[in-house]
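The structure appears below as structure tokens.
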Amino acid sequence: MKDDTSIRGLAHQDTAHDSASKHVTGRAEYTDDLNEPQGLVHAYLGLSQCAHGTITGMDFSDTLAHPGVIGVLTSKDIPGINDVSANGKKDDPIFAEETVLFWGQPVFAVIAKTRDQARRAAHKARIIYDALPHALDPIAARDAGMGYVTDPLTLRRGDADRGMADAPRRISGRFEIGGQDHFYLEGQIAMAVPGEDDDMTINVSTQHPSEVQHMVAHALQVPSHSVIVNVRRMGGGFGGKETQMNLFACVAAIAAKRWKRAVKIRPDRDDDMIATGKRHDFVVDYEVGFDDSGKIRAVQGDWYARCGFSSDLSGPVTDRALFHADNAYFYPDVRVSSHPMKTNTVSNTAFRGFGGPQGVIVAERMIEEIAYALGRDTLEIRRANLYENGQLTPYHQQVNDQILPRILDELEASSDYQARRQAVLDWNAKGGVIRKGIAMTPVKFGISFTATWYNQAGALIHIYSDGSVMLNHGGTEMGQGLNTKVAQVVAEAFQCDIARVKITKTTTEKVPNTSATAASSGTDLNGMAALDAADQIKARLVEFVAERWQVATDAVQFVPGHIMAGDTAIPFTEVIAAAYMARVNLSAVGHYKTPDIHWDRSTGRGRPFYYYAYGAAVSEVSVDTLTGEYVIDRSDVLHDVGRSLNPAIDKGQVEGAFVQGAGWLTTEELWWDDKGRLRTHAPSTYKVPLASDRPRIFNVTLANWSQAAERTIKRSKAVGEPPFMLGISVFEAINMAVASMADYREPARLDAPATPERVLMAVDRLRG
């Protein structure tokens with residue numbers, strides 16, 4: 001490696017994703033690409049064919065007779081605990097025992113020499129059920145007395161009843177908000193390889209290696225130190241691999257221990273979608289009180305969530321829906337409550353935004369209601385209700401880093417919003433089949449895990465005697481560029497070219513007790529941990545250089561490719577070689593915990609978020625009122641990522657999040673039939689956005705003047721989740737286009753997703 005004063009890949013530079021060329025050439029290795037050990041066999045899940053019922057008989061004779069079948073696993077074959085619940089409630093069995101609670105629940109697994117043999121044999125099993133009543137949606141579950149899967153939450157500040165009574169105007173409504181499938185390109189997959197003693201190595205596509213380690217250890221009844229979990233990269237996660245992969249890792253490990261052979265499990269896309277959890281859908285009953293100026297006086301709301309048969313992450317997801325029920329707006333008097341309903345459906349789970357989007361969109365619905373009631377532009381009402389610094393959220397956290405006024409001003413000007421809105425009004429005034437809509441929506445999104453103990457991370461750095469650097473941290477790479485950004489932090493610290501920094505797979509062997517790569521905190525946490533490790537090594541090198549070259553420690557500086565000892569520039573590699581010979585420790589373990597955060601769920605008060613990320617989007621759409629179809633003509637985004645560690649990667653994250661958010665609210669519809677069968681379980685029946693669905697004109701800009709007010713990693717801000725909610729601007733624009741059918745006398749009140757069918761029905765209702 002050549003030392004040079006022009007080094008690449010430092011923090012705040014546009015730097016290519018470390019695996020970009022591998023991704024586009026097909027050379028990137030995922031779990032299914034790893035070399036298979038000799039004797040590897042395959043597992044396949046047998047899923048229930050009943051939404052709720054008692055198992056009265058299981059016949060595996062035809063399954064066991066199928067060519068290549070080695071055996072069948074049921075709950076009786078689990079050596080340890082039959083549970084993969086992420087919260088310790090023991091309500092999420094690996095295999096159903098006496099009762100099945102949703103259509104598609106794993107009941108058994110077949111082990112065979114090939115995957116095709118295991119898959120075909122699984123369908124030959126005969127399971128007999130005594131059917132029981134089932135409830136599929138949250139309101140039906142409420143009415144049937146199904147109860148909650150976890151404790152509900154109420155956030156309150158002021159007196160909502162009094163505020164509502166005193167408000168000059170009041171509006172109430174119900175908003176149904178659909179769920180969303182993660183539709184990661186790489187499906188769930190795990191490969192377990194048994195070792196000596198009780199050792200088990202799991203290669204798995206997961207966002208949470210430490211949780212896999214714990215779950216497998218519990219299932220096998222061994223200590224955590226006997227289980228090693230490895231993740232080089234995932235082909236997408238979006239929250240769908242935070243807890244849902246526990247099942248697959250445990251099945252592979254149980255089979256590997258039973259037959260002392262490596263075992264791989266990879267479900268078909270259909271079974272993956274049927275058996276794994278999704279974004280929670282909600283039914284929200286809301287009421288807003290306001291005055292003639294459009295200022296909100298009081299808000300009340302009840303968020304009923306379809307949580308599924310077990311609790312999974314429904315507690316924190318429904319909590320976060322309430323945390324973001326205000327979005328960017330101050331509610332003087334407020335009371336909002338969650339209702340995490342148990343339903344006979346797959347257990348819903350984490351998804352990008354983690355409940356936040358389902359809170360934000362209700363805030364935007366209420367703003368829309370106020371604007372139409374007063375005959376005003378929705379942007380006016382949004383501006384009138386924005387938080388001011390010093391005001392308290394419903395959970396009593398003070399907002400003190402508000403930058404939305406500037407973001408809205410800049411975006412309103414750069415997008416030519418006012419002129420375009422007038423053009424939309426003029427177009428619609430002519431009547432006609434095609435109606436247009438335009439909307440500008442903001443987002444304020446809190447960053448941190450609400451489970452405070454998850455806000456920690458570790459990292460490990462080695463510098464080898466030739467000056468090459470090995471970096472390992474507890475975060476996982478799922479295409480979002482985490483590894484690249486953390487490597488940039490390390491390269492910046494040592495002032496070396498990023499090519500000198502090797503990013504290795506995430507493994508529980510090197511960094512223990514890691515948190516999930518989720519809550520948009522991967523870079524915040526792991527970047528700071530890596531910087532801590534780098535600073536420890538730098539401190540040792542400073543002392544060494546000062547002593548060797550006889551200068552004061554404050555005269556030692558790291559500069560591009562070199563270390564300065566006073567006026568002498570010594571190549572980095574030369575210093576490292578000398579330090580090794582002098583027996584300087586060139587390895588360090590770093591750790592970081594987010595400061596100044598706390599949350600008391602029992603009182604509904606605290607500071608659960610370290611800071612807020614902000615953004616805004618303007619979207620314009622054209623709707624065909626004869627078919628309900630629509631196109632996104634243009635979207636403009638201005639988003640706050642603080643002082644970006646990598647503007648190119650961050651911009652890509654904003655673009656992807658926006659499109660995924662728009663997909664959630666437009667085309668991605670989950671549908672169960674009356675028997676509890678998920679019918680949208682493949683690309684043929686579940687429509688994710690295509691390249692042709694993106695905005696025809698798509699302008700994405702980062703607020704490059706912003707920097708985090710708190711001491712984040714290099715003053716950057718999280719980017720994974722916040723821009724997802726900017727897709728709400730598309731939904732709001734569609735609502736405006738439909739409302740033009742009644743000359744804007746009332747809002748369209750579309751439920752989400754706004755499929756062409758729903759749009760057409762709303763058009764007909766307003767036209768009639």
Side-chain angles (χ1 to χ4, degrees), residues 294 327-329 360-361 363-364 367-368 371 376-386 402-429 434-445 613-623 630-641 644 647 650-663 665-666 689 693-706 719 722-740 744 754:
N327 188 21
Y329 313 115
V360 169
I361 196 170
E364 297 307 322
I367 291 287
E368 182 183 57
R376 306 261 295 279
D377 179 2
T378 53
L379 180 57
E380 290 181 51
I381 307 303
R382 290 186 170 102
R383 285 185 178 277
N385 288 286
L386 288 178
Q402 169 67 290
I403 60 172
L404 272 175
R406 179 173 177 179
I407 286 178
L408 291 178
D409 286 346
E410 291 189 5
L411 185 60
E412 183 177 1
S414 65
S415 67
D416 201 17
Y417 171 79
Q418 292 298 343
R420 288 171 56 206
R421 183 175 185 273
Q422 187 59 52
V424 164
L425 293 172
D426 293 344
W427 173 279
N428 291 339
I434 304 299
R435 298 298 177 98
K436 292 181 178 291
I438 188 170
M440 179 187 288
T441 60
V443 66
K444 167 187 130 288
F445 195 79
Y614 299 92
V618 177
S619 291
E620 184 176 342
V621 303
S622 294
V623 176
Y630 44 83
V631 294
I632 308 173
D633 298 314
R634 175 176 168 181
S635 292
D636 295 73
V637 171
L638 179 59
H639 195 69
D640 161 38
V641 296
S644 175
D650 284 349
K651 187 176 179 181
Q653 283 290 290
V654 174
E655 291 169 344
F658 180 94
V659 171
Q660 191 175 46
L665 296 172
T666 57
D693 294 316
R694 69 186 290 276
R696 299 293 190 266
I697 301 172
F698 196 16
N699 302 314
V700 175
T701 306
L702 303 180
N704 56 17
W705 43 264
S706 174
V719 69
F724 179 93
M725 280 139 286
L726 298 179
I728 294 173
S729 61
V730 174
F731 184 77
E732 289 290 291
I734 294 171
N735 273 269
M736 179 184 177
V738 173
S740 72
Y744 315 105

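Starting from 1, each residue takes its place in the sequence as its number. For the numbers below, each heavy atom of this structure counts, side chains included, while hydrogens, waters and symmetry mates do not.
The main-chain N or O of S622 is found under 3.5 Å from a side-chain atom of D633 such that the two form a donor-acceptor pair. With hydrogens and angles ignored, the 3.5 Å screen pairs no side-chain donor or acceptor of Y417 with any backbone N or O of L379. Side chain of R382 to backbone of P442: no donor-acceptor contact under 3.5 angstrom is found. Side chain of N428 to main chain of A737: no donor-acceptor pair is present (N/O by atom type, distance under 3.5 Å, no hydrogens or angles).
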- Message: Checking Q653 against V641 for the side chain to side chain contact (heavy atoms under 4.5 Å, CB included) test, could you report, in this order, the C-alpha distance in whole Å, the side-chain angles of both residues, the deciding distance, and whether it holds?
- Response: CA-CA 10 Å; Q653 283 290 290; V641 296; over 6 Å; no

- Query: Do I632 and D693 pass the side chain to side chain contact (heavy atoms under 4.5 Å, CB included) test, and can you show the C-alpha distance, the side-chain angles, and the key distance before you say yes or no?
  - Reply: CA-CA 7 Å; I632 308 173; D693 294 316; over 6 Å; no

- Task: I would like to know whether Y329 and I381 meet side chain to side chain contact (heavy atoms under 4.5 Å, CB included); could you show each step before the answer?
- Result: CA-CA 10 Å; Y329 313 115; I381 307 303; over 6 Å; no

- Determine, stepwise, if the pair M725 / T441 fulfils side chain to side chain contact (heavy atoms under 4.5 Å, CB included). CA-CA 9 Å; M725 280 139 286; T441 60; over 6 Å; no

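At a threshold of 4.5 Å between non-hydrogen side-chain atoms, the residues H639 and P722 count as touching. The closest side-chain heavy-atom distance from L425 to Y744 is below 4.5 Å. Side-chain contact between D640 and K444: absent, with no pair of heavy atoms (C-beta onward) separated by less than 4.5 Å. Between R435 and V738, the closest side-chain pair of non-hydrogen atoms is not below 4.5 Å. When side chains are defined from C-beta on, F658 does not count as touching R694, because their heavy atoms never get closer than 4.5 Å. Within the 4.5 Å cutoff, the side chain of L408 has heavy atoms near those of the L386 side chain. The side-chain heavy atoms of L665 and I361, taken from C-beta on, include a pair separated by under 4.5 Å. For the pair F731/E364, no side-chain contact is recorded, criterion being any heavy-atom separation below 4.5 Å from C-beta on.
Proximity of the aromatic rings of F445 and F724 is defined here by a centroid distance below 6.0 angstrom, and this criterion is not met.
Note: I728 CD1 to N327 CG = 7.0 Å, rounded to the nearest 0.5 Å. Put simply, CD on Q402 and CD1 on I407 are 8.5 Å apart, with the number rounded to the nearest 0.5 Å. The distance from atom CG of D650 to atom OG of S644, rounded to the nearest 0.5 Å, is 3.5 Å. Taking CZ from R383 and CE from M440, the interatomic distance works out to 7.0 Å, rounded to the nearest 0.5 Å. In this structure, L404 CG and L638 CG are separated by 10.0 Å, a value rounded to the nearest 0.5 Å. For the atom pair S635 OG and I438 CD1, the distance stands at 9.5 Å (nearest 0.5 Å).
Minimum heavy-atom separation, V621 to I734: CG2-N, 3.7 Å. Nearest heavy atom pair, residue A657 against residue P723, reads CB-CG, 3.6 Å. Counting all heavy atoms, side chain and backbone alike, S415 lies closest to V618 at OG-CG2, 3.7 Å.
Partner E620 forms a side chain to side chain donor-acceptor pair (under 3.5 Å) with one of K436, R634, R420 and no other, that one being R420.
Here K651 pairs with E655, V700 under the side chain to side chain contact (heavy atoms under 4.5 Å, CB included) rule; sequence neighbours left out.
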